[in-house]
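Structure record follows, encoded as structure tokens.
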Amino acid sequence: MEIENDLPKTFDPQSAQDKWYDVWMKAQSFKPRPGKQKQTFTVLMPPPNVTGKLHMGHALDATTQDALIRFKRMKGFETLWIPGTDHAGISTQAVVEKLIWKQEKKNRHDLGREEFLRRVWEWKEQYGLEIVNQQQKMGVSCDWDYSTFTLDEVPNKAVNKFFVMLFNEGLIYQSDYIVNWDPVLQSAISDAEVEHKDVKGFFYSIKYKVKEAPGTELIVATTRPETMYGDTAVAVNSDDERFKHLIGMTAIIPISNREVPIIGDEHVDIEKGTGCLKVTPGHDFNDFEIGKRHNLPIINILNKDGTFNKLAPEIEGMKPKEARAKIEQLLTELDALVEKKDHMNSVGHGQRSDEIIEPMVSKQWFMNTQSMSEEAVKAVENGEMTFYPKGWENTYFAWLRNPKDWCISRQLWWGHQIPVFYCKSCDAKWAAETNPSECIECKGKDFFQDPDVLDTWFSSGLWPLSTLGWPDKQAMEEKGFDKFYPNSTLITGFDIIFFWVARMMMMGMKATNKSPFAHTYIHAIVRDKQGRKMSKSLGNGIDPLDMVAQYGADAMRFTLAAGSGYNRDLNLDPERIEGYRNFVNKLWNAFRFVYPFLDKAKDDLPVKSEWHLHDKWILAELNSVAASMNKSMDQYRFDDACSDIYAFVYDKFCSWYIELSKNILYGEDEKAKVLRATMLRYCFKKIVTLLHPICPFLTEEIWSHLEGGKSLLITQEYVEFDPKLENAEVQEMMNKFIDVTTGIRNVRSAVNLKPKDEIDVRLFSDDKKLAKFIFESRHFLKDLANVKSGTIRNKGQERPKKSATFASTHTEIFVPLEGLIDINDQINRIKKDIEKTQVEYGKVESKLNNQNFMNNAPEEVRNEVREKASAAQEKLKSLNEILSSFQ
RNA sequence: GGGCGUUUAGCUCAGCUGGGAGAGCGCUACCCUUACAAGGUAGAUGUCGGGGGUUCGAUCCCCUCAACGCCCACCA
């Protein structure tokens, strides 16, 4: 029979995506609305870079956050999900500089600061929304009216207010200090932005003459001989018997023949290298500390671009690598090079530029984070903020318990300019929240603002505050600061726990005395199928938008949600997306089946007395899925939530309930038809409700057909656990019924019966309830296993001879097939089964015979083992009787 | 050097406070059966990384070794 159906045979994700996103936006479904929970639930989206293109990390961010926010919205929280974008100082500036160079062969200095910034803004207005469009393809349900850009007016106010506050407390200070200098960016960067990589290099031993002791030579070991122009001492350990008598004398640096003191310092390791250390306070972090202890002068031998300056005449203008070769040659000529051997060195590289970082002394702004770190640590220790999974707090603690002052100034133009002003008339230097009109000291008009901008993470650290209007009173009022701050949950990757989570905690608590959020859920990092990082150079990146185009956003989202959970890595195989696309389609087709019968369905569930056994069963199963999904979603176990609904849809609803419904729907009993249609409609409503947070488009599409467009699923109430629907007895019966059905199919398959071959089945069971259940469901066995006729009796009855058989613990199945089956084959099958069952029985029996087990194991466990033993025994008995029926 | 993590079916991973191991994908056989071949039915597969210990009992707890991965620090 062909059913009339105007629904497409496969689900079309693309049209559903565009249609429903548009509908939701128009209906303002993403806006916070008070609900039955009388509580708010706020999530702050990690702002992607304006220059960014959506990658898998963003897709995972979007999926988990959207699933959570949709779930909470349906639970009746007043939900707010705040989107935004980050100005991303360095990368944005680089992108625009590159573009201008390509088009006009001009660099930013040619244009001047004002014109350059105008160009960057222009670029941002034109291209900065690309990532937002891409996020919308994923179905994100954030309130776009809250969208904030980190350089907007309010974030700028936040930055200035916070800066001035700390400046006035002396926690932000300016200092000549050795910093990580990125020669490409020509800016200082923070410790956190330096990545160490192993680089092959050499270990050089160089002769230094001692002036006061002619003939004596110190052998100095170094990996960077080219920095000798910046040496201001040679250091040995004061306890080193070999050299301590030389302390106070003078060493002569080869090539330049400059004289430097020989000093004793505890930093020098007697065992390491030669025990003699060249001290270059201007270009080495340890040497800088030694220099401070001994009051050594600092010589800067590098230009801002990383080349050597005129203080290193022989290598002036060279890059370090070239300079090193030159120095090596000069030293060899002077016979000052004693040894050169291979050495692996861990060298700092810029996170953005990937260029070797040069330690260099310069005047920078720093933030003292000592006390803020302590507060941030305490908030996690005392549970004000909790990490999910909990293990990530270790990473957080490791960073915050060893705080270093944070270098916050960058020699860039694109960013929040440091709100510090210098008077040219007097020496005044002050911080101000708004541009001053005069010098605070001399009232003069001739002053200028610090040209540097702040580290991007400075404004990111204030993001939970500034997105809700802080510190602007009116904006805070409008955006509901008091209502939505602190946020509920932050979702992000572990790679930015230091950069972002820790900074938001420090800065948020400093500004408000409250942790900016209650939970931090750390999700996995998306990697390729083999567990490798996705990168441009490997070419192994998977573009989420390609996947969405190919399989649909729902399948993409389901895959990411199913792979997340508490993992550290999510190894993504596009085949998995295909698999879940099939799941999406499966549900769609289940709906296609039900759809033509919907006009018969009533709105409300019929009274319980009219429920069929199968109805009771599916409602009980549905109910337990609702219970576990609620629990899983609350714990950020999106993986568990996915496997729950997946298993329910496939293994309960489609495989059994729908199959069992066909007999009724195609039958003659009109009343039963109405009941079943009503039940199916009800189940579908619950299923799409449960699944909606993960697959919003498919579910909204199905909902529209179920409800005839009267309402939107996005704002429906989530399915809650209902104790009245529990029904363990029916579930047990149904499981046994499934056992029997599967057993019959098993027999059919074992004797190679074709699906078209009808069979006669003799069942034997002592379970009276089951017998009744099966009797009542006897018509369904025709559909499920092509059973034409059959009987069910207790095990006392005589078994038919020469049959294909199967035994479960509760039921024996006989399919008389005399002449059609190979008797020996059957006997072998049964013998094999007996062996297997005996092994099982042996295991449990030995436990029951073990006095220690019986004395120590809890009652519950003992009973369980007893039950297993008797079940195995019964099955053995059945098998043996079956066997004997063949002889 | 310090820390964290991982090691379970061919692949990707679950496995809650210890009671005898699961899913998806893949694979094999048979089926275009009237929602779905992006499908159905049936099926195979594991010394739960190695060794030791605690326990009546260990994939789970403890010790140890190994491999892999990540983070931090530092290397003259």
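Side chains included, hydrogens not; waters and symmetry mates left out as well; all remaining heavy atoms used. Every chain is numbered from 1 and lettered A, B, ... according to where its sequence line falls, protein lines coming before strand lines.
B/A23 atom C1' lies 18 Å from atom CZ of A/Phe648, rounded to whole Å. At whole-Å resolution of the value, CZ in A/Arg829 and P in B/A42 are 13 Å apart. Remark: C1' of B/G1 and CE of A/Met344 are 17 Å apart, rounded to the nearest angstrom. Whole-Å rounding puts the A/Leu781 CG to B/U41 C1' distance at 15 Å.
For A/Lys843, the side-chain atoms get nearest to B/G20 when compared with the rest of B/C25, B/G20, B/C56. Closest to the side chain of A/Asn582, out of B/G19, B/A35, B/G39, is B/G39. Side-chain proximity of A/Ala857 to B/C56, B/G20, B/A42: nearest is B/C56.
Donor-acceptor pairing under 3.5 Å, judged by distance alone, is present between the side chain of A/Lys847 and the base of B/G20. For A/Lys586 and B/C36, a side-chain-to-base donor-acceptor distance below 3.5 Å is present, hydrogens and geometry of angles not being considered.
Map A/Asn394 and A/Phe806 each onto its nearest nucleotide of RNA chain B; the residue landing nearer the 5' end is A/Asn394. Nearest-nucleotide positions on RNA chain B place A/Glu575 closer to the 5' end than the other of A/Tyr650 and A/Glu575.
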- [ ] Kindly indicate, with the supporting measurements, whether the criterion ring pair (Phe, Tyr, Trp, His ring centres under 6.0 Å) is fulfilled by A/Phe11 and A/Trp588.
- [x] CA-CA 6 Å; A/Phe11 177 61; A/Trp588 173 251; 5.3 Å; yes
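Taking atom P on both B/A44 and B/G24, the two are 15 Å apart, rounded to the nearest angstrom. Rounded to the nearest Å, the gap between the P atom of B/C71 and that of B/A9 is 27 Å. A distance of about 5 Å separates the C1' atoms of B/U59 and B/C48, rounded to the whole Å.
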TODO: Summarise protein proximity over nucleotides 67-73 of chain B in one line of letters, 5' to 3': B for base, S for sugar-phosphate only, - for none, counting protein heavy atoms closer than 4.0 Å.
DONE: --B-SS-
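Taking only side-chain nitrogens and oxygens, A/Asn589 never comes nearer than 4.0 Å to OP1 or OP2 of B/G39.
Remark: aromatic rings of A/Tyr580 and A/Tyr646 are close, center separation under 6.0 Å.
Contacts of A/Arg745 with the nucleic acid, taken as non-hydrogen atoms under 4.0 Å apart, involve only primed sugar atoms and P, OP1 or OP2.
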